[in-house]
Peer 1: 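Got a structure for you, written out below as structure tokens; questions coming shortly.
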Amino acid sequence: MKIHGVAYRSVWVDQGDGWSVGIIDQTKLPWALKVLRLTSRDEAAHAIRSMQTRGAPLIGAVAAYGLCLGLRADASSEAMERDAVLLAATRPTAINLRWALDRMLTRLRNTRPVERVAAAYAEAAAIADEDAAQNEAIGRHGLPLIEQAARSGRRVNVLTHCNAGWLATVDWGTALSPIYTAFNAGIDLHVWVDETRPRNQGAALTAWELGMHGVPHTVIADNAGGHLMQHRQVDLAIVGTDRVTRQGDVANKIGTYLKALAARDNDVPFWVACPSSTIDWTVGDGVAEIPIEERSEAEVTDMTGLLADGTVATMRVVSGGSPAANPAFDVTPARLVTGIITERGCCDASAEGLLGLFPERRVA
Ligand code: MRU
């Protein structure tokens, strides 16, 4: 996708040195476009943990490159296994992180240490390229859902939560990919962007992305979605996900579940978009089994924004002395999900629906 007309991915290998890893520092957006150069496993781990880089598919790709950086320092099997464990521990909910590291280890365990660095970079590049291609396909498969809503002849209003755009993936995005595809096809659409407290990924990142691409959008307070649905101002909701269970339960940014409840009460289709790397076939009951990340209470008590003089400042917005809790994700049960949009097409949020698209996952 483009920033001021220049094509970017959200992670890349530096063309100059051929090994360091570039990312956009997402903690600085939308106030500044700052590129970070990662040169070690520890810098990659810090970037994921601190959310300089974020979004389920993207942290998988950055972790894969983090393993490459670790192998440059020590390509032994012991170091590789240790680095993979360290990188996997940076964030607990998005399964793409573990998926990417498992894929790297499967490729590298039987590779001689002397050949590992080159093999690792090739595998990390394949993970990144496949993610971009899968997300582009999600856009094509999600397009008919928006086309169908456009048949009314009115502008289509899509609601989304958090940031599931190209900044959260290697390119295109998951939930935003059908939106970009429909917009590029000339469909008249408008996006309701949930601000997504506490970290404001909607207000800061989704709004910035959509603005860069020229997609009409409006940021709303997280609590506004239900009201808009009651007044028929939302034609469909599309969100991303950090982990889908084999029965179709969906973990996503905190607040997604409440949007799904409001959508069900108002007959608004509630779609979830993800590449297959986000499906955790080992987990059935999402509420019981998916680990939910607890983040710092400072993310709730404090907010960062632009002052009138152009400086960026962080200030406390919670009454002094009051503690805060910060569960970062919730789980929407499959029964509230209209369907899942994947790189292979759309399916019901159910075991049968998912296995219909991924029959190789059937156990005999
Ligand atoms: O905590 P974050 O910002 O990494 O959470 C991201 C989300 O919840 C996204 O909706 C999810 O990763 C899907 S992204 C393509």
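Remember, it's 1-based here, ligands and their atoms both numbered in the order they're listed. Residues: numbered from 1 along the sequence shown. Just so it is clear, the model here is predicted, and its values are computed rather than measured.
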Peer 1: Should one rank Thr196, Ile59, Thr241, Val239 by closest heavy-atom distance to atom 13 (C) of ligand 1, which comes out on top?
Peer 2: Thr241

Peer 1: If we only consider heavy atoms of Gly55, is any one of them less than 4.0 Å away from an atom in ligand 1?
Peer 2: yes

Peer 1: Do any nitrogen or oxygen atoms of Ala168 come within less than 3.5 Å of a nitrogen or oxygen of ligand 1?
Peer 2: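 N/O-N/O distance under 3.5 Å: no.
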
Peer 1: Do Thr181 side-chain atoms and Ser177 backbone N/O form a donor-acceptor pair below 3.5 Å?
Peer 2: yes

Peer 1: Please state which protein non-hydrogen atom is closest to atom 3 (O) of ligand 1 and give its distance, to 0.1 Å?
Peer 2: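 Heavy-atom neighbour on the protein nearest atom 3 (O) of ligand 1: Arg54 NE, 2.5 Å.
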
Peer 1: How about Asn110: does its CG atom have over 12 heavy atoms from other parts shown lying under 6.0 Å from it?
Peer 2: no

Peer 1: Check Asp249 with Arg335, please: is the shortest side-chain N to carboxylate O separation under 4.0 Å?
Peer 2: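 Salt bridge: no.
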
Peer 1: Within 45° of the six-membered ring axis of Trp166 and under 6.0 Å from that ring's centre, is NZ or CZ of Arg9 located there?
Peer 2: no

Peer 1: Going by the order shown, which atoms of ligand 1 are within less than 4.0 Å of some heavy atom of Pro57?
Peer 2: 15 (C)

Peer 1: Using distance alone, decide if ligand 1 has a nitrogen or oxygen within less than 3.5 Å of any nitrogen or oxygen in Thr169.
Peer 2: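 Between Thr169 and ligand 1, no N or O pair is found under 3.5 Å apart.
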
Peer 1: How far is atom 9 (C) of ligand 1 from the closest protein heavy atom, and which atom is that?
Peer 2: Asn252 OD1, 3.5 Å

Peer 1: Would you tell me whether Ser20 and Arg37 have side-chain atoms, one donor and one acceptor, within less than 3.5 Å of each other?
Peer 2: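 Indeed, the side chains of Ser20 and Arg37 share at least one donor-acceptor pair under 3.5 Å.
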
Peer 1: Select one of side chain, backbone, both or neither to describe which atoms of Gln201 lie under 4.0 Å from any atom of ligand 1, heavy atoms only.
Peer 2: side chain

Peer 1: Quiz question: by atom type and distance under 3.5 Å, do the side chains of Ser76 and Asp74 form a donor-acceptor pair?
Peer 2: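 Distance-only check passes for Ser76 and Asp74.
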
Peer 1: Pick, from Asn135, Asp242, Asp330, the option with the minimum heavy-atom distance to atom 8 (O) of ligand 1.
Peer 2: Asp242

Peer 1: Would you mind running through ligand 1 and noting each atom that sits below 4.0 Å from a heavy atom of Lys253?
Peer 2: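 In order of number, 1 (O), 2 (P), 5 (O), 8 (O).
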
Peer 1: Closer than 4.0 Å to some heavy atom of Ala56 - which atoms of ligand 1 meet that?
Peer 2: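 Answer, ordered by atom number: 12 (O).
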
Peer 1: How does Ala175 reach ligand 1, by side chain, by backbone, by both or by neither, if only non-hydrogen atoms under 4.0 Å count?
Peer 2: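 Contact part for Ala175 vs ligand 1: neither.
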
Peer 1: Of all the atoms in ligand 1, which lie at a distance below 4.0 Å from a heavy atom belonging to Met51?
Peer 2: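 The list of qualifying atoms is 1 (O), 2 (P), 3 (O).
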
Peer 1: Can you find an N or O of His161 that's nearer than 3.5 Å to an N or O of ligand 1?
Peer 2: no

Peer 1: Do any nitrogen or oxygen atoms of Thr174 lie less than 3.5 angstrom from nitrogen or oxygen atoms of ligand 1?
Peer 2: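 For ligand 1, there is no N or O atom that lies under 3.5 Å from one belonging to Thr174.
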
Peer 1: With a cut-off of 6.0 Å (strictly less than), are more than 12 heavy atoms of other residues, nucleotides or ligands near CD of Glu115?
Peer 2: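 More than 12 heavy atoms, drawn from other residues, nucleotides or ligands, come within 6.0 Å of this atom.
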
Peer 1: Have a look at ligand 1 and work out which part of Arg91, if any, has a heavy atom under 4.0 Å from it: side chain, backbone, both or neither.
Peer 2: side chain

Peer 1: Would you check if there is a donor-acceptor pair between the side chains of Thr196 and Asp194 at a distance under 3.5 Å?
Peer 2: no

Peer 1: Look at Arg154 together with Asp235 and state whether they make a salt bridge at an N to O cut-off of under 4.0 Å.
Peer 2: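 Yes, charged N to carboxylate O under 4.0 Å.
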
Peer 1: I'd like to know if Asp83 pairs up with Arg41 as an ion pair, taking the criterion as any Lys NZ or Arg NE/NH1/NH2 lying under 4.0 Å from an Asp or Glu carboxylate oxygen.
Peer 2: yes

